[in-house]
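Input: a single structure, listed below in structure tokens.
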Amino acid sequence: MRKIRNCNSSVLLTGGSKCPINYKRVIGAIVMYHGHKLPANLTAETLEQLCHADGKERAFMMYRFVEYAREGGEPNVSSVGYGGDDFAGLSNRKDTFTMKKYNEVLAAYLLKVSNVEFDVYYFDEDNVIYGVNDGTDTLAGIPMNCIYPTATPHPTSSDKSTLTVTFS
């Protein structure tokens with residue numbers, strides 16, 4: 001990995017970053033247990049060590065996303081009685097990536113841990129890592145409610161085996 005995105009000087013008055021993720025360029029994700037971070041001095045060697053670590057220190061790599069689809073994140077409105085619509089909240093945002101190849105082991109593992117909270121770092125084709133600034137000197141992962149797969153494990157008459165991973 002060559003560089004970690006740093007947007008400390010680019011925070012807008014809206015509280016949003018001036019360096020938004022271009023999800024269509026994201027090619028992979030590094031998944032950590034919630035509350036655990038990648039080290040600030042991340043190298044290929046330290047990342048490999050994290051992928052083989054035990055327990056909550058372990059990092060999980062998901063690599064080669066080939067397609068992206070966004071779902072949710074829209075406002076929900078409802079009306080009560082004869083009044084007009086009122087804002088009721090936002091639907092959960094879901095970012096779904098299609099993997100280049102079907103991976104039965106990854107699909108099974110994601111189903112097993114679908115109720116576990118994880119943090120995710122996305123990386124793009126330029127090896128830029130995206131996370132969130134939590135006020136510390138180390139980039140934090142983006143908190144997820146859940147990560148789950150949708151699989152077509154066997155080829156069909158019109159398609160090959162596929163695996164999508166949804167980050168919610």
Side-chain angles (χ1 to χ4, degrees), residues 4-8 10-38 56 59-126 128-136 138-153 156 158-168:
I4 293 180
R5 173 71 81 199
N6 182 345
C7 295
N8 289 339
S10 302
V11 175
L12 302 174
L13 294 177
T14 61
S17 172
K18 218 166 129 179
C19 321
I21 300 170
N22 182 350
Y23 287 94
K24 292 180 181 178
R25 294 190 66 214
V26 169
I27 60 170
I30 304 167
V31 179
M32 304 284 291
Y33 284 97
H34 180 65
H36 294 270
K37 297 181 183 182
L38 291 174
K56 301 278 185 183
F60 303 92
M61 293 287 297
M62 291 184 208
Y63 176 70
R64 202 60 171 142
F65 298 151
V66 294
E67 188 176 39
Y68 166 73
R70 177 184 173 205
E71 179 185 346
E74 287 88 22
N76 293 324
V77 294
S78 64
S79 61
V80 177
Y82 298 108
D85 289 345
D86 285 331
F87 178 75
L90 292 173
S91 63
N92 284 339
R93 177 169 169 166
K94 299 175 194 167
D95 297 301
T96 301
F97 296 93
T98 302
M99 302 290 294
K100 184 174 184 175
K101 292 183 179 180
Y102 175 75
N103 183 326
E104 183 176 356
V105 174
L106 177 61
Y109 184 76
L110 288 173
L111 281 175
K112 179 181 173 184
V113 297
S114 61
N115 61 348
V116 175
E117 289 183 357
F118 288 104
D119 296 338
V120 65
Y121 298 86
Y122 294 115
F123 59 93
D124 66 17
E125 51 209 16
D126 295 326
V128 176
I129 297 176
Y130 298 88
V132 295
N133 179 355
D134 65 353
T136 65
T138 306
L139 187 69
I142 303 164
M144 297 290 144
N145 290 333
C146 65
I147 301 172
Y148 61 91
T150 304
T152 304
T156 63
S158 63
D159 204 0
K160 64 180 190 168
S161 300
T162 58
L163 174 64
T164 62
V165 179
T166 300
F167 299 86
S168 177

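- The line from CE of Met144 to CG of Asn92 is 11.0 Å long, rounded to the nearest 0.5 Å.
- Here CD1 of Ile147 is found 10.5 Å from CD of Glu117. Values are rounded to the nearest 0.5 Å.
- Screening Tyr68, Tyr130, Phe65 against Tyr23 for a ring pair (Phe, Tyr, Trp, His ring centres under 6.0 Å) leaves a single residue, Tyr68.
- Interatomic distance, Phe123 CZ to Ile27 CD1, rounded to the nearest 0.5 Å: 5.5 Å.
- Minimum heavy-atom separation, Val31 to Phe167: CG2-CE2, 4.2 Å.
- Nearest heavy-atom pair across Lys37 and Asp134 is NZ-OD2, 2.7 Å.
- The distance from atom CE of Met99 to atom CG of Leu106, rounded to the nearest 0.5 Å, is 5.5 Å.
- Ring geometry, Tyr122 versus Phe97: the interplanar angle falls from 30° to 60°, so the pair is classed tilted.
- Aromatic ring pairs are classed by plane angle as parallel below 30°, tilted from 30° to 60° and perpendicular above 60°; the pair Phe118 and Phe60 is perpendicular.
- Heavy-atom minimum distance, Ser79 versus Asp85: CB-OD1, 3.4 Å.
- Between Glu74 and Leu90, every side-chain heavy-atom pair lies at or beyond the 4.5 Å cut-off.
- Heavy atoms only, all atoms of each residue included: Ser161 and Pro153 are closest at OG-O, 3.1 Å.
- When all heavy atoms of Leu163 and Pro149 are compared, the closest pair comes out as CD1-CB, 3.7 Å.
- Side-chain contact between Met62 and Leu110 is present, with heavy atoms from C-beta onward closer than 4.5 Å.
- The two residues Ser114 and Cys146 have their closest heavy-atom pair at O-CB, 3.2 Å.
- Side-chain contact between Leu139 and Leu38 is absent, with no heavy atoms from C-beta onward closer than 4.5 Å.
- Using a 4.5 Å cut-off on side-chain heavy atoms (C-beta onward), Asn22 and Asp124 make no contact.
- We find the CG-CG distance between Asn76 and Asp86 to be 12.5 Å, quoted to the nearest 0.5 Å.
- Taken from CZ in Arg93 to OG1 in Thr166, the straight-line distance is 12.5 Å, to the nearest 0.5 Å.
- Pairs passing the salt bridge (Lys or Arg N to Asp or Glu O under 4.0 Å) check and including a residue from residues 25-35, sequence neighbours excluded, read Arg25-Glu125, Arg25-Asp126.
- Inter-residue side-chain proximity for Ile21 and Asp95 is flagged as unmet; no heavy-atom pair is nearer than 4.5 Å.
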